[in-house]
Peer 1: 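My questions will all concern the structure given below.
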Amino acid sequence: MSSSTNLTLGQYFKNIQNAALSTLEGMAVTFSWLFRRPITIQWPDKIEKPLEETLPERTRGILEVETRICTGCLACQKACPIDTISIDMERNAETKERFIARFDIDAAKCMYCGLCVDACPTGAIRHTTLFAYATDNIDNLLLSYVDKGEKVTPFRPKDPQPELRARGSIGKNVLERNLKSKN
Amino acid sequence: MDVQSQINLIKGKFPNEVLENFATGTFVNAEKLKAICQFCRDNEELSMQVLTCMTAVDLGDHLELVYHLISYSKKHDLVLKVTLPRDNAVIDSVESVWKTADWQERECFDLFGVNFKNHPDLRRIMLPDDWQGHPLRKDYTPPTEYHGMSHTRKNPLIPEGQSATTENSNG
Amino acid sequence: MQQRKIAMVKQELKDLHELKQLYQPVADEMLVNMGPQHPSTHGVLNFLLVTDGEVMHKAVAHVGYLHRGIEKIGEAVEYNGFVPFTDRVDYLAAMSANQGFAMAVEKLASIQVPERAEYLRVIATELNRIASHLVANGAMAMDIGAFTPFVHWLKEREFVNDLMEELCGARLTYNYIRIGGVAFDCGKELAEKIVKWIDHFEPMVDEFDRLITNNEIFVQRLANVSPISAEEAMSYNLVGPNLRASGVDWDIRRDVPYSVYSKFDFKIPVGKGFRGTVGDCYDRFVLRILEIRESCKILRQALATMPEGEIMAKVPKTIKPPKGEAIARVESARGELFYYVVSDGSSKPLRVKIRAGSFTAMSIIEHLSKGVMIADLVAIIGSLDVVAPEVDR
Amino acid sequence: MWYLANYLEKNYAVSINGQESAWLIYLIVAIASALVMLGFASLFAGLASFVERRIAGRIMARVGPNRVGPQGLFQFVADGLKLIMKEDLIPNGADRFLFKIAPYFVFAGMLGTFVVLPFGANIVAANMDVGIFYIISITALVVVGIILGGWASNSKWSMFGGLRSAAQIVSYEIPLALSILVVVLLSGSLSTQGIISAQGGLPWDWFIFHSPFAFIAFFIYFVSALAEGNRTPFDLPEAESELVAGYCTEYSGFRFVVFFFAEWANLWIMSAIAVICFLGGWRVPFISVEESTSSWGIILLGLAIFMVKTLALVVVVIQLRWTLPRLRLDQMMNLCWKYLVPGSFVCILGTMTWMVLIDWNSMIGLVLRVVVFAGAFMLLAYYIYRIRFNYMIDRDNYKKMTGKDMWYPPYRLP
């Protein structure tokens with residue numbers, strides 16, 4: 001089938017033979033795929049365990065803050081290249097002790113690079129394996145891990161290690177609360 | 001063939017064009033750049049077949065054009081630099097020497113405002129044709145809207161009380 | 001009246017003949033807008049085709065739809081913070097983009113990367129190169145009309161994405177390489193998983209050869225289509241598989257050795273005109289498949305001989321390299337990725353210049369598109385593996 | 001259907017207010033058979049679209065539609081309803097009248113061929129004695145429809161698609177007609193029933209194994225039928241990757257349904273004609289032509305055999321679509337004029353000399369036919385061996401890598 005005009009007779013039949021053989025070969029390959037296992041994961045309903053549990057341990061989903069072991073050192077806020085985390089530390093005038101008044105992460109702006117998780121000394125801020133959180137209103141993606149008016153005393157490494165909540169649970173609660181309240 | 005002997009070779013052919021040099025290459029007079037590039041490519045010992053990258057750097061008071069040349073057969077490379085004034089930076093196009101300069105110079109014109117004489121088709125490559133200003137210059141202030149379409153969003157991280165919207169300058 | 005009609009007919013015949021050879025715009029040309037919303041322009045690119053029927057006289061390219069100003073961001077973000085942005089320069093081969101920038105800054109700040117970190121970087125880059133070549137060849141086969149190879153190559157790429165997710169946490173924009181080393185370590189069982197995948201993958205590459213590479217229709221569609229000579233390739237500064245397909249034997253991993261590539265033995269495939277002239281679309285396609293095989297070889301050697309040890313050098317929190325400039329060349333999937341970083345001593349670079357392979361590959365399309373049919377333009381774009389984010393940065 | 005008409009006329013020849021009522025019965029039966037054909041065609045087109053997407057899914061290691069109805073059987077109903085509810089807009093600047101009627105040319109061309117396609121011994125809408133000639137001529141209507149569609153939608157891409165299909169279908173009619181001419185030579189009659197009754201039930205009695213030339217003629221017919229139906233590797237008119245969607249770029253809503261209805265129904269036509277001409281239609285082995293219309297059981301058996309052969313060919317056509325890439329315009333024309341047309345001339349000459357030298361029923365004729373059949377069988381065996389070879393390579397590696405074994409036969413739906 002070569003379109004060049006000077007086509008020798010041998011080349012002519014060679015083309016036919018090539019075409020026939022390679023088509024047969026191709027058909028054999030595609031027919032053999034009919035007997036192989038399809039690899040589609042039929043998320044979200046036809047899978048045994050929800051996908052969050054099966055993802056590998058280092059997967060970088062949305063960010064989550066375990067405020068019990070957060071020392072309020074603002075390392076994550078400085079490490080983030082695009083200022084996605086903003087923390088307000090307030091000082092109680094008389095008792096001279098600081099507390100965290102606001103800890104917001106803008107999940108819509110976060111690019112999941114993981115630099116904040118590297119910078120955190122105690123591992124308070126960490127990635128969950130949550131990935132499916134599409135919303136119709138972008139403000140729902142503002143995750144605030146310290147409620148309005150709540151005063152969180154920063155954790156000092158000398159204190160006894162409090163028992164930590166499971167990874168992924170905090171993020172999921174905040175997301176659900178956002179979805180219910182904002183829209 | 002190391003950088004110093006390459007510079008001497010060029011100095012031999014263009015005695016007063018080669019200005020002071022630095023570790024990986026040399027500064028060159030702006031008017032003679034095209035001739036030097038032609039020489040670098042055609043000379044057998046140098047045989048710089050490829051212009052890897054041609055870009056500009058804004059050093060505050062003046063612009064600096066940087067030409068990275070490399071030769072695949074001889075496995076050596078050279079850097080030519082040219083200093084240009086900030087306001088009307090004009091230089092000859094080396095498109096006739098290496099065809100790749102066509103698009104690289106168009107990008108340099110688009111982002112830095114350097115004008116290239118007898119370039120076949122000098123128009124903006126990255127930005128829309130009616131864009132004001134050249135973004136990569138240090139004194140460039142990014143506009144907050146284009147044809148009436150604003151491209152800044154109220155930063156939710158700042159509670160209502162404090163300052164108003166901030167541009168997404170580096171977002 | 002009669003003479004004028006005969007003269008017109010004679011003129012018509014001459015035009016037709018002339019059109020095919022000299023492409024004089026005698027016939028009335030038609031302006032067709034191909035893109036930016038077109039199924040086979042691999043991202044957001046736009047071609048203004050000046051065609052007469054199916055045969056094109058010129059294809060003027062309009063780019064810039066995906067221009068995010070990454071180089072301007074480079075001047076506003078610290079060194080460590082800019083690494084995730086280099087992922088976004090070419091999200092199909094993000095690892096080599098990371099490595100390029102990291103090497104440039106390490107040269108500037110003269111940081112010595114530990115041995116094991118270099119091995120991990122080579123493993124991650126080669127896995128990424130295989131995944132990128134799979135997408136490149138798959139998209140090209142789909143443009144020619146064969147849909148099945150595209151889906152199967154993406155299936156293999158899914159396995160690579162899963163491995164990368166275990167290694168560095170993300171499937172596409174990894175941010176795995178830090179300045180001075182690597183973010184995570186590769187455990188024993190992950191290394192075995194990679195080797196098991198390669199054992200499964202190599203026979204599959206032969207199977208795709210039988211399905212599509214040797215298919216006569218595929219060969220006829222690609223052989224002798226827009227061959228690029230070595231001088232043209234060098235003058236337009238084509239890099240990577242596009243350059244080697246034109247017969248120029250130049251590969252950064254071997255000719256400008258960086259990282260630990262000098263420790264592995266692997267061949268650099270060069271275009272030999274497998275089923276047509278040297279440097280045609282078919283050569284570029286086959287070259288990518290040969291490179292996939294070479295990358296598998298490198299991966300096996302790297303995984304076998306990886307030494308124990310540190311994965312990150314001692315690097316201060318915010319890196320402040322001394323005043324000066326540095327360049328870094330990396331062999332990405334789309335050819336030589338060139339970084340030029342100028343620092344003024346502060347914690348933010350003064351200038352970051354990234355010269356990517358697709359940018360120059362895109363500039364040659366206008367030159368190649370004379371007298372080519374639309375179906376072939378689609379094949380040329382696919383064979384040059386042009387990806388929009390890299391062109392526009 | 002005409003046997004039905006004669007049967008009705010003899011028993012219930014009631015005269016309505018005096019005139020002879022035969023034409024009324026013919027009219028009613030004709031409308032009834034037309035509706036049956038339309039019903040069958042639409043049902044087959046819908047199911048073929050569903051089956052094709054399932055087979056395509058399994059070829060590409062994915063699943064295919066399995067959510068609408070049991071195992072996704074009602075997918076085509078869902079698609080049809082969706083497209084009918086969609087607004088079928090007409091682009092401005094389009095030639096409104098031509099734009100509207102284009103799909104119905106294609107539809108008429110497609111449904112017209114169903115009139116002559118037999119399903120059983122005497123189950124045929126109209127047993128014309130120029131059946132095959134009628135089929136070849138009516139498919140030309142399809143090309144008119146596509147060109148109209150391409151031209152009227154006032155968009156450059158669809159114009160490309162329309163002109164490409166004009167070149168393709170018109171030039172592939174010639175090898176199609178010539179390869180069928182071979183069959184007409186062998187059977188001596190143009191009517192579809194005549195051709196089938198000239199063949200025998202056993203495989204070596206079919207026309208395809210009559211001589212190596214007839215064997216080649218079958219492949220020439222098959223390739224040009226692919227081109228007639230715009231199937232890969234000839235789907236240039238609606239080449240997704242180049243022309244966005246070719247001639248039906250601007251169509252949406254119900255008109256789009258009609259275009260795609262014709263394409264999938266064409267699958268049946270293409271394979272049915274191949275089975276009629278080359279693969280011995282509804283002939284039941286070891287039963288002569290006279291007995292085959294004796295009892296309903298044999299007729300239904302003939303119908304079943306015809307269905308099985310046609311569906312096998314339909315599966316082959318579907319599989320071809322997901323294996324081969326697409327031809328370029330000049331290569332497609334090149335293939336037609338430099339390979340298929342001379343090839344079909346050679347086949348006609350070869351068959352004629354073969355028929356003159358060797359009589360059909362003579363011993364040598366039978367032996368040679370069995371030899372050709374054996375050759376074809378060897379080819380099939382080689383094909384199955386290659387399939388098994390491809391499967392075996394990856395079985396152990398896959399098991400080692402994923403822990404699950406790879407065997408997942410097509411009848412086991414995920």
Side-chain angles (χ1 to χ4, degrees), chain B residues 22-25 41 47-60 64 66 68-73 75-77 79 81 95-108 110-112 120-121 123-129 131 134-138 140 142 168-171, chain C residues 60-69 71-77 81-82 85 230-239 243 248-252 255-256 324-327 329 336-342 344 348 350-356 359-364 366-367 391-393:
Chain B
F22 50 93
T24 55
R41 193 184 67 143
S47 75
M48 292 293 181
Q49 296 119 345
V50 172
L51 165 67
T52 308
C53 163
M54 174 257 139
T55 187
V57 183
D58 182 354
L59 295 171
E64 207 180 75
V66 186
H68 294 267
L69 316 177
I70 186 169
S71 150
Y72 290 159
S73 48
K75 287 192 172 47
H76 58 236
D77 56 357
V79 178
K81 284 197 176 178
E95 196 262 345
S96 52
V97 180
W98 295 288
K99 281 283 175 282
T100 182
D102 175 359
W103 271 39
Q104 308 217 12
E105 279 166 358
R106 270 178 64 190
E107 183 184 5
C108 198
D110 186 356
L111 301 179
F112 276 93
D121 135 35
R123 50 185 165 81
R124 282 189 181 269
I125 188 168
M126 294 291 173
L127 299 168
D129 294 344
W131 190 269
H134 300 287
L136 274 179
R137 280 174 175 258
K138 290 297 180 195
Y140 175 76
N168 284 4
S169 59
N170 52 18
Chain C
V60 179
H62 292 272
V63 283
Y65 292 91
L66 210 53
H67 179 57
R68 295 146 294 181
E71 287 167 4
K72 181 75 177 174
I73 294 173
E75 289 155 14
V77 173
F82 186 64
F85 284 97
E231 296 71 31
E232 248 174 17
M234 280 199 265
S235 164
Y236 275 93
N237 189 7
L238 288 185
V239 276
L243 181 71
V248 178
D249 186 356
W250 175 260
D251 186 317
I252 306 293
D255 297 331
V256 181
E325 59 173 43
I327 65 162
R329 296 172 194 271
E336 174 197 341
L337 199 55
F338 179 87
Y339 274 85
Y340 171 58
V341 180
V342 179
D344 57 357
K348 292 185 171 137
L350 172 71
R351 171 82 166 101
V352 178
K353 166 69 185 177
I354 307 164
R355 211 249 343 111
F359 184 73
T360 48
M362 190 72 186
S363 59
I364 200 172
E366 205 165 320
H367 164 68
V391 176
D392 306 339
R393 283 182 309 283

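Below, chain A is the first sequence line, B the second, and so on; all start at residue 1.
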Peer 1: Go through the atoms of B:R137 and report whether side chain, backbone, both or neither lie under 4.5 Å from a heavy atom of chain C.
Peer 2: backbone
Peer 1: Between chain C and each of B:L59, B:D121, B:I70, count heavy-atom pairs under 4.5 Å; write down the option with the most.
Peer 2: B:I70
Peer 1: Please classify the contact between B:I125 and chain C as side chain, backbone, both or neither, with a heavy-atom cut-off of under 4.5 Å.
Peer 2: both
Peer 1: Is it the backbone or the side chain of C:K72 that comes under 4.5 Å from a heavy atom of chain B, or both, or neither?
Peer 2: both
Peer 1: Examine whether an atom of C:E231 lies under 4.5 Å from a heavy atom of chain B, and if so say whether it belongs to the side chain, the backbone or both; otherwise answer neither.
Peer 2: neither
Peer 1: Report which part of C:F338 has an atom under 4.5 Å of a heavy atom belonging to chain B: side chain, backbone, both, or neither.
Peer 2: side chain
Peer 1: Measure C:V352 against the heavy atoms of chain B and call it side chain, backbone, both or neither at under 4.5 Å.
Peer 2: neither
Peer 1: Let me know if C:R68 has heavy atoms under 4.5 Å from chain B in its side chain, its backbone, both or neither.
Peer 2: neither
Peer 1: At a 4.5 Å cut-off on heavy atoms, which part of C:I354 comes close to chain B: side chain, backbone, both, or neither?
Peer 2: neither
Peer 1: With rounding to the nearest 0.5 angstrom, report the OG to CE distance, B:S47 to C:M234.
Peer 2: 9.0 Å
Peer 1: Stepwise, does the side-chain contact (heavy atoms from CB on, under 4.5 Å) test hold for C:N237 with B:W98?
Peer 2: CA-CA 8 Å; C:N237 189 7; B:W98 295 288; over 6 Å; no
Peer 1: Between C:I327 and chain B, with a heavy-atom cut-off of 4.5 Å, which part of the residue counts as in contact: side chain, backbone, both or neither?
Peer 2: side chain
Peer 1: Name the option with the most non-hydrogen atom pairs under 4.5 Å to chain B; the candidates are C:R393, C:E75, C:M362, C:R355.
Peer 2: C:R355
Peer 1: Suppose we screen for side chain to side chain contact (heavy atoms under 4.5 Å, CB included). Which residues come up paired with C:E232, at least two apart in sequence or across chains?
Peer 2: C:I228, C:S229, C:H367
Peer 1: Using a cut-off of under 4.5 Å on heavy-atom pairs, state which of B:V97, B:V66, B:T24 scores highest against chain C.
Peer 2: B:V66
Peer 1: What pairs with C:K348 under side chain to side chain contact (heavy atoms under 4.5 Å, CB included), at least two apart in sequence or on another chain?
Peer 2: C:S346
Peer 1: State plainly whether the residues C:R351 and B:E64 are in salt-bridge range, i.e. N to O under 4.0 Å.
Peer 2: no
Peer 1: Apply side-chain contact (heavy atoms from CB on, under 4.5 Å) to residues B:H134 and B:L111 and explain how you reach the verdict.
Peer 2: CA-CA 5 Å; B:H134 300 287; B:L111 301 179; 5.9 Å; no
Peer 1: Run the side-chain contact (heavy atoms from CB on, under 4.5 Å) test on B:R106 and B:M126 for me, step by step, so that the C-alpha distance in whole Å, both residues' side-chain angles and the decisive distance to 0.1 Å come before the verdict.
Peer 2: CA-CA 9 Å; B:R106 270 178 64 190; B:M126 294 291 173; over 6 Å; no
Peer 1: Please name the pair of heavy atoms, one in C:D392 and one in C:G64, separated by the smallest distance, quoted to 0.1 Å.
Peer 2: OD1-N, 3.1 Å
Peer 1: Is it the side chain or the backbone of C:V256 that comes within 4.5 Å of chain B heavy atoms, both, or neither?
Peer 2: neither
Peer 1: Report the C-alpha separation of B:T52 and C:R329 in whole Å, then their side-chain angles, then the decisive distance to 0.1 Å, and conclude whether the side-chain contact (heavy atoms from CB on, under 4.5 Å) test is met.
Peer 2: CA-CA 10 Å; B:T52 308; C:R329 296 172 194 271; 3.6 Å; yes
Peer 1: For the interface with chain C, which of B:A101, B:A23, B:A56, B:P128 has the highest count of heavy-atom pairs at distances below 4.5 Å?
Peer 2: B:A56
Peer 1: Which atoms of B:D110 are under 4.5 Å from chain C, going by heavy atoms: the side chain, the backbone, both sets, or neither?
Peer 2: neither
Peer 1: For C:T360, is it the side chain, the backbone, both, or neither that has a heavy atom closer than 4.5 Å to a heavy atom of chain B?
Peer 2: side chain
Peer 1: Heavy-atom distances under 4.5 Å only: say whether C:Y340 touches chain B with side chain, backbone, both or neither.
Peer 2: side chain
Peer 1: Would you mind checking which part of B:E107 comes under 4.5 Å of any heavy atom in chain C, side chain (CB onward), backbone (N, CA, C, O), both or neither?
Peer 2: side chain
Peer 1: If you compare all heavy atoms of B:W103 against all heavy atoms of C:V63, which two are closest, and at what distance to 0.1 Å?
Peer 2: CZ3-CG2, 4.1 Å
Peer 1: Grab the two heavy atoms, one from C:F359 and one from C:V391, that are nearest each other, plus how far apart they are.
Peer 2: CD1-O, 3.3 Å
